[in-house]
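These notes concern the structure reproduced below.
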Amino acid sequence: MARRGLRIGIDTGGTFTDVVGVRADTGEVFTTKTPTTPADLSDGLIEGIRKILEETKIRPRQVVGVFHGTTVATNAILERRFENLGLIVTAGFRHLLEAGRAAHYAGGAGGHFAAPLLARPPEALVPPERIREARERVSASGEALLPLSKEEALESARWFRDRGIGAVGVCLLHAYANPVHERTIRDAFASAFPECFVSISSEVIPEPGEYERAITTLLDACIKPRIKAYLDRSAGRIDEALGQVPFLVMKSNGGVATAREVAKKPISTVLSGPAAGALSAAHLGRLSGYGQLITLDGGGTSSDISVIEAGEVKRSTRHQLDEFTLRLPMVDIVTIGTGGGSIAWRSPEGRLRVGPRSAGADPGPVCYGRGGEEPTVTDANLVLARSPLQLAGGEVNLNKALAMRAMRQLSRPFGMDPLEMAAGVVEIAAWNQVHAVRRATVQRGISPRDFALMAFGGSGPLTAGLVAEILGIDTVIVPPFAGMTSAFGLEVVDLVNDHSLPYLRSEEDLDAEALGEAFGRLEAQAEEGLAMEGIPAHRRSLRRTADMRYRGEAHEIEVDIPSGYLTPASVAEAIERFHLLYQRRYTYNHKGRRPVESVNLRVTGIGYTEPPTLPLIPAGEESPEDAYKGARLVWFREMGGFHD
């Protein structure tokens, strides 16, 4: 008889903690929601586990694994608590963060360039007085030109200890080519200041690009204390509630890792919840026969857009979070501050705006009755009767009178009817999502008309019809457990580890044999990592890619490289593939005019899990009467008011 084990997926969002349980023997899906507990997120996590066990009638010892997606890392960065953060750089690079990438230039009359125009100077994560310089130097080829003494490294550790700076990032020049000096500094902290949370760039992101490498490393160090405390607390409480079960955390690259591994590099969990949603949509799309999808994951605080082609999510190595450019392998997601909790407000110019400020989980939208005063998208949908009077299975009651009062206050300065105003709020929210979809598609040479739109999350399906109409998309798919789609994605993720190697070569210097040897070293690392995670050989897969660009450009395109023995022909095919991808993204290319160069080599190690087998939903008849569940009066401008 099949074991009645239960896999639990938990997605902690800004407003609700979503929980999905899947029975191992039947594939039956159980869902529940519980309000997120900002004061201690592990409270909401444990409450969600308790509720799903109660609903499934499965004993705690029958849980076979807990899979978790979290916004803790994202929120920790967005809260911008950087006052306890320090940095160590190579001597002479103290102002690396202030210099940033470069100034922006504005075009002047007659086609001439004007003086540099900066809306504001780039805000340094760490001020110069909290930056320590190390007398060392490594060349781009990895040669130690000026060795770093152990005594100087110890002195740096003591310097930060004496000033009470508890998180330090280390980003030395060309450390990706030779990490010896960064490791010397890390060892010095372990000896002289072990309480400090230290991140070294050669482990966080061993790639060229000093500024992005420094930013990513600093943010990793900054969030380490909070992530470690949260994961330790959650793991301990899960052990108390369920016993020793695997506790795996979603990463931004589309895979999971043990909580222990994630705590070593917590920056890898940024946007882990949206990544789970994209993977879930890809899985459900394949089951439904749709391989070309645009996802609209509308939550309480934000909306996340991703593109799925041929049943696979797209990935990138750069992502913009707030004003910070992160250089990490991630599922390619466009995020905007539009969700159910987004606040509608009147700008100083007298225009109606929606977001990016959010009412969050506390106090939440006005209709929650918890003290919120500014109207939100959720309030607008409630006033229009497009959402029910209860959420989270009846756990959250919505007060329509409070929502109407808030909408009336918003509409008064505009001289509008509050119902017209509510419809305008919903329409602006939809247009915000349309612009995000266009950023993810049209601006990258993709026509949204060639895709179906899969809408999920608590607020995504409410605007999906309007978004699809504006974009000319014919098909909208709403999963049966729409509000839990991201949490379900945690049930179908694989274990994914990324390994990279700087490899700056022009196309005439791309020797197939040397390239194959470099990939072989990365593949050995990937195999070792998967073995350490307990993945058997028959459930492993390796994927090769190379970051390529035209010489003189700063942005790369990821190109697939075939596995196995490389020949000059296969290298030439990869370069040709780069030209095609560049043409698709920018509508032109420089083939034959500018040489191509490789920048980084990557190997992704994948450990395949066993996704649950979902019971099929029988197809319905074409008659609308067969689909009837109930009715209520809903307000539509196009229909002149409320319509049954």
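These numbers come from the heavy atoms of this one structure, side chains and all, not from hydrogens, waters or symmetry mates. Just so we're clear, the structure is a prediction, and the values are computed from it rather than from any experiment.
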Show your reasoning for whether side-chain hydrogen bond (donor to acceptor under 3.5 Å, both in side chains) applies to Thr17 and Thr34.
-> CA-CA 5 Å; Thr17 295; Thr34 189; over 6 Å; no
Pick one: which of Lys314, Arg444, Arg315 meets salt bridge (charged side-chain N to carboxylate O under 4.0 Å, His left out) with Asp332?
->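 Of all the options given, the one that passes is Arg444.
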Whether Glu152 side chain and Ala134 backbone form a donor-acceptor pair below 3.5 Å =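 Not at all, since once roles are kept as given, no pair shorter than 3.5 Å links the two residues.
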For a quick test of your reading: what N or O donor-acceptor pairs under 3.5 Å do the side chains of residues 190-200 make, sequence neighbours left out?
from   : atom 1 : to     : atom 2 : distance (Å)
Ser199 : OG     : Asp220 : OD2    : 2.6
Ser199 : OG     : Ala221 : N      : 3.3
Ser199 : OG     : Lys224 : NZ     : 3.1

Check the pair Leu296, Val437 against side-chain contact (heavy atoms from CB on, under 4.5 Å), reporting the backbone distance first and the verdict last.
-> CA-CA 8 Å; Leu296 171 55; Val437 171; 5.7 Å; no
For Ala73 and Thr269, which heavy atoms make the closest approach, and how far apart are they?
-> CB-OG1, 3.3 Å
Examine the side chains of Ser141 and Glu143 and answer whether a donor and an acceptor come within less than 3.5 Å of each other.
-> no
According to the interplanar angle, ranging from 0 to 90°, do the rings of Tyr582 and Tyr586 count as parallel (below 30°), tilted (30 to 60°) or perpendicular (above 60°)?
->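 Correct class here is tilted.
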Hey, what's the ring geometry for Phe82 with Phe324, parallel, tilted or perpendicular (30° and 60° as the breaks)?
->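 Judged by the thresholds at 30° and 60°, the geometry between Phe82 and Phe324 is perpendicular.
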State plainly whether the residues [X] and [Y] are in salt-bridge range, i.e. N to O under 4.0 Å.
{"X": "Asp232", "Y": "Lys228", "result": "yes"}
{"X": "Arg602", "Y": "Glu207", "result": "yes"}
{"X": "Arg327", "Y": "Glu556", "result": "yes"}
{"X": "Lys251", "Y": "Asp498", "result": "no"}

With sequence neighbours left out, what residues match His319 under ring-ring contact (aromatic ring centres under 6.0 Å, His included)?
-> none
Take Ser202 and Glu182, measure what side-chain hydrogen bond (donor to acceptor under 3.5 Å, both in side chains) needs, and give me the verdict at the end.
-> CA-CA 7 Å; Ser202 52; Glu182 288 195 345; 2.8 Å; yes
Step by step, would you call Ser486 with Asp297 a side-chain hydrogen bond (donor to acceptor under 3.5 Å, both in side chains)?
-> CA-CA 8 Å; Ser486 290; Asp297 180 1; 3.1 Å; yes
Please name the residue in the list Ile205, Thr325, Leu96, Leu97 that meets the side chain to side chain contact (heavy atoms under 4.5 Å, CB included) test with Ile215.
-> Leu97
Nearest 0.5 Å please: distance from the CZ atom of Arg549 over to the CG atom of Leu504.
-> 6.0 Å
